[in-house]
Every structure is written in structure tokens, then in C-alpha cells.
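A short worksheet on the structure shown next.
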Number of protein chains: 2
Amino acid sequence: METLQYILDIDPNAREKVFKKGHVLQREGDINVSAFYVKKGLLRSYIIDSKGKEHIFIFAPEGWIIADVESIEFNKPVELFIDCLEDSEVVIFDKDCFFQTSLSKEAVHKNTQLLYKRLGVLQRRVLMLMSAPAIDRYTYFLKTYPELPNRIPQHMIATYLGITPQALSTIRKKMATVP
Amino acid sequence: METLQYILDIDPNAREKVFKKGHVLQREGDINVSAFYVKKGLLRSYIIDSKGKEHIFIFAPEGWIIADVESIEFNKPVELFIDCLEDSEVVIFDKDCFFQTSLSKEAVHKNTQLLYKRLGVLQRRVLMLMSAPAIDRYTYFLKTYPELPNRIPQHMIATYLGITPQALSTIRKKMATVP
DNA sequence: ATCGTTAATTAATCTAGATGAATGCATCAC
DNA sequence: GTGATGCATTCATCTAGATTAATTAACGAT
């Protein structure tokens, strides 16, 4: 089942919108929590810490769903910013629609599959952050998201990896000289 | 709906077993992948990295489900070890049962809820690992799992936080002198 | 063209936390 | 008792990556 069809299926209020690069769909402190399906373009979610530094949680290219699950699940105010890294077509839908009781079997299956996949990705991310040095995390990133480096600036890759742009630059230099 | 009842509901083959402290339920490289519901006791999942160091992914006290979701979802061989930190009563069930099409609406709702909650927890974990210093991660750990420090040795808390036991010891000393 | 802005690189210095080693203290087996 | 084992602590040293700052290049707007 195609993800977009599934979303339109389960949320009759889902609406499609087009946003310009740079548009912020959700900011820290918001209370009206939605989830976003990326039909076209590229979104990201990130926090800004107490020192004003950005930390990117995930990138969401075409076909991905992006949302602040923690705030949805634990009813906290939104902590993640979500914005567009490219002009994007986005389907906005309600956080609660996953919990509808009237879903088709197919929709349930799709939903479970999506959640599972995301869990698997996050598991890997935690393990990498805990156990692998920055260079390995970068290599894994390149392997897993080969198309992204052409679409986003390097300093964003750095804040996704949990290091500074300077550190990433040094790593890249090292990789170029000793391949 | 109570989680245990839900599991027995969806997997007729689910079986309950009792394990001694130290028993390993699953090890790296295993292909027969199960999920485990902790009825009583305490389990953990962890990896052992290339240098032989342990990194604990999650603790699972009573009421939690523990599994290697990445290996389940992407059909990889198991990478996470799962073992008992206390004598435990565990319900072993099949990874695929979440995808059954014959689930009751109630079971579907419960399932979605469990997955969402876990996603929220992992989101927080990633953000903390990326943006917060070790002392903040420790403080958050104490707040979130207040009962665990009485049940597990400190060096395990350290490997959960992503630091060495020595570093945790230093942090605790600092917290004791300047509270 | 020229000014401003944003990105990437390089280098000098600093620091949180790792590493390695030693010590003290329980607990358990015998 | 004594020895062995595991856990926490302390200290001295080391290092990956942070911080600060300067340089250069690329791009857009006027």
C-alpha cells in the first residue's frame, strides 16, 4: 500500500500544502501538533539547545513522515522545529489518526510497518551515537542516505552526526587523503 | 488494555519462561528472532563493539517489551544481546504477530500505543546523546528511572549513558559536593 | 562591479571524557 | 581465617572533538 494513499485514507481532514524552502512548519513551544508526510522536497526536524546550537534529529525526503513523536505521545509542548530545506509539497495530517478504531486492516498493517521501520532506524542511530566515532557515523550516513549530501549543506550533516562543521571538514580531509 | 493480556491475545504460541540472573536470551548473530515481555525481573539489551566494550541500548523492567527491532525490521542477523539482570519471568512471543491481520481493534490500538511510546523514548534518547553533557543525561536518567539505580550496578548505568564507569563516578562526586 | 551573506576550510587552543593503572572494600568460596 | 572476584573510586595521562578565530570562495541583490 502506498503511504500517501494510506494517509488520505485514515485522515479525511488531511490537506496538502506547498511550502517554500526555509518555511517553518512547526516551532518549539507550539501546541497544535501535526504530522507531515513529504510528497516532494525535503524537510528536517531539529532542536535548538540552551547554547543556541542546532541539533538535527532527522531528515525527511520524499516518502517520509516527520513529526515530534515525543510531544505527541507524552502531551508535551513541541520541542522540535520542523522546516523545509527545499521547496516542498507536504500532506499535513492529524497526530491522532493513527489511533482511530475504524482503520482498515491494510491501513493498520501499513501503520505498524511505518512505526517499526522508524524504530529500527532510531535503534541504529542510538547505537551509533553511543559506540561509533564520528568518522564511522559519517561513513554510515553516506551509505544510508547517498542522495542527501547533494541536497543539503555540509554543516547540516555535521549537526545531524552530533559534531561541529569544523570537525566534519577535518574528517572529510582525512578521508580524501587516505581513502 | 493490559499489555500482557494483549500479547497472549495476539500470539497463541507465546510462552512464559523463568530465567536466572545472567541468562542470555539472545546473542549477536542469532537468526531466530523473538520479542520478550518482562512480567517480572529486569532485562537489558546491549551491543559489544569492535573493541569489546559493552553499550547498553535499553533496560526493560516489569511491563516492558524488549527486542532487536532493527534486525526484525530489516531482516538482519541479531546484533543486540539480551540478558537477565535479575531472575526474571519472561513471555516470549513472535516478532511477526504485530502484523497479523486478525487483530481486534483493541489490540491494534494497544500495539500502536506501545510503538509510539517507544518512539517517543528513543527520540528523547537521541536528542540527549547529541546535545546534552553526561551530567545532564545522568540527571535525566535518575528522574526517568528512579527505581533502577537500586537494582543495577553503576557501571551499567555508565554504559547506558554512553560514558565510562570512571566518568560516572566523577560526575557523582561532583553532584554530591555541589548539590 | 561591489557589497553583504553564507559556506567551507584551516589552524591554535581548550576541555570533556577516555584510557590505564592503582587502591579500597565488599562478598563469596574454600 | 585467606584468597579470589567484582565493583566503585581516584589519579595521571591522553585524545577526539569543541571552541574561537581567521581566510577564502561562491552566490545574490543592488
Side-chain angles (χ1 to χ4, degrees), chain A residues 20-24 42 44 46-56 59 83-87 127-142 148-178, chain B residues 20-22 42 44 46-56 59 83-87 127-142 148-178:
Chain A
K20 283 280 175 204
K21 175 176 173 173
H23 183 89
V24 179
L42 180 59
R44 65 164 173 166
Y46 60 100
I47 56 165
I48 298 182
D49 71 16
S50 52
K51 291 178 209 143
K53 275 185 56 179
E54 274 181 25
H55 304 270
I56 295 180
F59 296 108
D83 66 10
C84 297
L85 300 181
E86 299 173 356
D87 295 352
L127 292 175
M128 296 285 283
L129 283 169
M130 283 208 296
S131 69
I135 188 167
D136 293 356
R137 303 206 296 277
Y138 180 54
T139 304
Y140 177 78
F141 174 82
L142 292 179
L148 278 190
N150 309 318
R151 298 169 66 178
I152 56 180
Q154 260 157 51
H155 73 262
M156 286 192 183
I157 300 181
T159 71
Y160 173 85
L161 296 174
I163 58 177
T164 57
Q166 294 92 321
L168 180 54
S169 179
T170 309
I171 284 170
R172 283 166 52 82
K173 190 184 166 191
K174 201 171 299 173
M175 287 173 69
T177 54
V178 187
Chain B
K20 283 280 174 205
K21 174 176 176 173
L42 179 60
R44 65 165 174 167
Y46 61 101
I47 55 165
I48 298 182
D49 71 17
S50 51
K51 292 179 209 141
K53 274 185 58 180
E54 273 180 25
H55 304 272
I56 295 181
F59 296 108
D83 66 9
C84 298
L85 300 180
E86 299 174 355
D87 294 351
L127 292 175
M128 295 285 284
L129 283 169
M130 284 208 297
S131 69
I135 188 168
D136 293 356
R137 302 207 296 278
Y138 180 54
T139 305
Y140 178 76
F141 174 82
L142 291 179
L148 278 190
N150 309 319
R151 298 169 66 178
I152 56 180
Q154 260 158 50
H155 72 263
M156 288 194 182
I157 300 180
T159 73
Y160 174 85
L161 296 174
I163 58 176
T164 56
Q166 293 93 318
L168 179 55
S169 180
T170 309
I171 285 169
R172 283 166 52 80
K173 190 183 166 192
K174 202 171 296 172
M175 287 172 68
T177 53
V178 187

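Proteins get letters first, then strands, A, B, ... in listed order; numbering begins at 1 in each.
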Measuring from [X]:[atom1] to [Y]:[atom2], what's the distance to the nearest 0.5 Å?
X      : Y     : atom1 : atom2 : answer
B:E54  : B:I47 : CD    : CD1   : 10.0 Å
A:D83  : A:H23 : CG    : NE2   : 9.5 Å
B:I152 : B:L85 : CD1   : CG    : 7.0 Å

Show me the side-chain donor-acceptor pairs of residues 156-172 of chain B shorter than 3.5 Å, one per line, residues at least two apart or across chains.
residue : atom : partner : partner atom : Å
B:T159  : OG1  : B:M156  : O            : 3.3
B:T164  : OG1  : B:A167  : N            : 3.2
B:T170  : OG1  : B:Q166  : O            : 3.0
B:R172  : NE   : B:Q154  : OE1          : 3.1
B:R172  : NH1  : B:Y138  : OH           : 3.0

Going 5' to 3' along DNA chain D, which are the first and last nucleotides with any atom under 4.0 Å from a heavy atom of chain B?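 Extent of the interface on DNA chain D: D:dC7 to D:dT10.
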
For DNA chain D, the residues among residues 151-163 of chain A that have a non-hydrogen atom under 4.0 Å from it: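 Contacts with DNA chain D under 4.0 Å: A:G162, A:I163.
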
For DNA chain D, find the residues of residues 128-136 of chain A with a heavy-atom distance under 4.0 Å and give them by number; none if there aren't any.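 Contacting residues: A:P133, A:A134.
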
What's the verdict on side chain to side chain contact (heavy atoms under 4.5 Å, CB included) for B:D49 and A:M130, showing C-alpha distance, side-chain angles and the deciding distance? CA-CA 10 Å; B:D49 71 17; A:M130 283 208 296; over 6 Å; no

Work out how much the helix from C:dA1-D:dT30 to C:dC30-D:dG1 bends between its end axes, five pairs an end, to the nearest 10 degrees.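 End-to-end axis angle: 30°.
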
Short question: side chain of B:D87, backbone of B:K21 - any donor-acceptor pair under 3.5 Å?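 Yes; at least one donor-acceptor contact below 3.5 Å.
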
Rounded distance in Å - [atom1] ([X]) to [atom2] ([N]):
X      : N      : atom1 : atom2 : result
B:R172 : C:dG17 : CZ    : P     : 16 Å
A:Q166 : C:dT13 : CD    : P     : 16 Å
A:E54  : C:dT6  : CD    : P     : 13 Å

Ignoring backbone atoms, test whether B:T164 places a side-chain nitrogen or oxygen under 4.0 Å from the OP1 or OP2 oxygen of C:dG17.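 B:T164 to C:dG17 OP1/OP2: no side-chain N or O under 4.0 Å.
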
Enumerate the side chain to side chain donor-acceptor pair (under 3.5 Å) contacts for residues 128-137 of chain A, please, sequence neighbours excluded, ordered by first and then second residue.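 Non-adjacent pairs meeting side chain to side chain donor-acceptor pair (under 3.5 Å): zero.
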
Of A:R44, A:R151, A:K20, which meets salt bridge (charged side-chain N to carboxylate O under 4.0 Å, His left out) against A:E86?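 With A:E86 as partner, A:R44, A:R151, A:K20 yield a single salt bridge (charged side-chain N to carboxylate O under 4.0 Å, His left out), made by A:R151.
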
